[in-house]
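Atoms within each ligand, like the ligands themselves, are counted from 1 in listed order. All residue numbers in this chain count up from 1 along the given sequence.
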Amino acid sequence: MAKLKKELAKESEAAKEKRRQAAAIVRRLAKEYADAECALVHRSPFQLLIATILSAQCTDERVNIVTKDLFAQYPDAAALAEATVKDVEKIIQSTGFFRAKAKNITECSKKLVELHGGKVPRELEALVVLPGVGRKTANVVLGTAYGIPTGVVVDTHVTRLTQRLGLTKNTDAVKIERDLMQCLKEDEWIDFSHRLIHHGRRVCKARKPICSECVLLELCPRIGVTDSA
Ligand code: SF4
């Protein structure tokens with residue numbers, strides 16, 4: 001019993017330390033990337049939803065090029081619901097997995113029209129049942145379009161950086177999100193992802209992180225980093 005108590009105390013001290021470290025990281029990132037926003041160009045929650053679906057396995061820059069044409073022809077759910085999959089495939093071809101994505105975004109638009117009057121719902125449960133929409137996409141849309149924190153967006157940058165920073169040991173996105181939700185305050189969830197993604201693109205790059213110029217250097221155990229600038 002005494003041993004168990006000791007282990008639990010040790011665990012809660014480790015959790016407290018992780019929260020302190022996360023809070024310090026949040027402060028530095030907020031100072032460094034005060035205006036960090038979602039990089040996907042959009043004019044409505046619907047356009048953000050579609051752009052996020054297209055961003056799977058594709059860069060935001062490429063998605064922005066494609067959505068310029070896509071939204072010029074199909075700006076809302078009603079318009080995209082009427083499109084043929086073949087026509088949509090032609091426009092989004094360069095984003096990869098374009099057949100599945102074209103099917104998903106036209107089906108998703110149809111469901112939005114049928115079930116939600118063409119609007120994007122504000123509830124996670126209603127979003128994750130739409131074609132092509134998983135938890136990550138739903139978190140992006142709810143957080144960025146509506147300011148509703150339903151979770152922490154975990155993409156490839158957030159995964160890499162939170163592992164290097166020692167905020168998680170997990171590799172599975174759902175488990176990483178759970179770890180982050182435990183060590184961050186709810187009102188930090190949305191901005192934390194945006195800022196970490198910016199930091200991952202500019203400084204903590206996948207191949208060679210620029211640790212010597214990193215504002216998080218003294219807070220970072222640099223887990224798994226073998227080569228840095
Ligand atoms: S110190 Fe290096 S590994 Fe740690 S966050 Fe900064 S760039 Fe990434």
Decide yes or no on ring-ring contact (aromatic ring centres under 6.0 Å, His included) for Tyr33 and His199, but give the supporting numbers first. CA-CA 8 Å; Tyr33 305 106; His199 194 58; 5.7 Å; yes
For ligand 1, which atoms, with element, lie under 4.0 Å from some heavy atom of [X]?
X: Val225; result: 3 (S)
X: Cys220; result: 1 (S), 3 (S), 4 (Fe), 5 (S)
X: Pro209; result: 7 (S)

Find out whether [X] and [Y] are in side-chain contact, i.e. whether some heavy atom of one side chain is under 4.5 Å from a heavy atom of the other.
X: Tyr74; Y: Asp87; value: yes
X: Ile210; Y: Lys205; value: yes
X: Lys103; Y: Pro131; value: no

N-O pairing of Glu13 and Arg20 below 4.0 Å: yes
Using 2.8 Å as the threshold, say whether any N, O or S atom from Cys204 sits that close to atom 8 (Fe) of ligand 1. yes
Is the backbone N or O of Gly200 less than 3.5 Å from a side-chain atom of Arg160, with the two atoms forming a donor-acceptor pair by type? yes
Return yes when Leu217 approaches ligand 1 closer than 4.0 angstrom through a heavy atom, no otherwise. yes
Provide, to 0.1 Å, the distance between atom 6 (Fe) of ligand 1 and the closest protein heavy atom, together with that atom's residue and name. Cys214 SG, 2.3 Å
Atom 4 (Fe) of ligand 1 to Cys211: any N/O/S contact under 2.8 Å? no
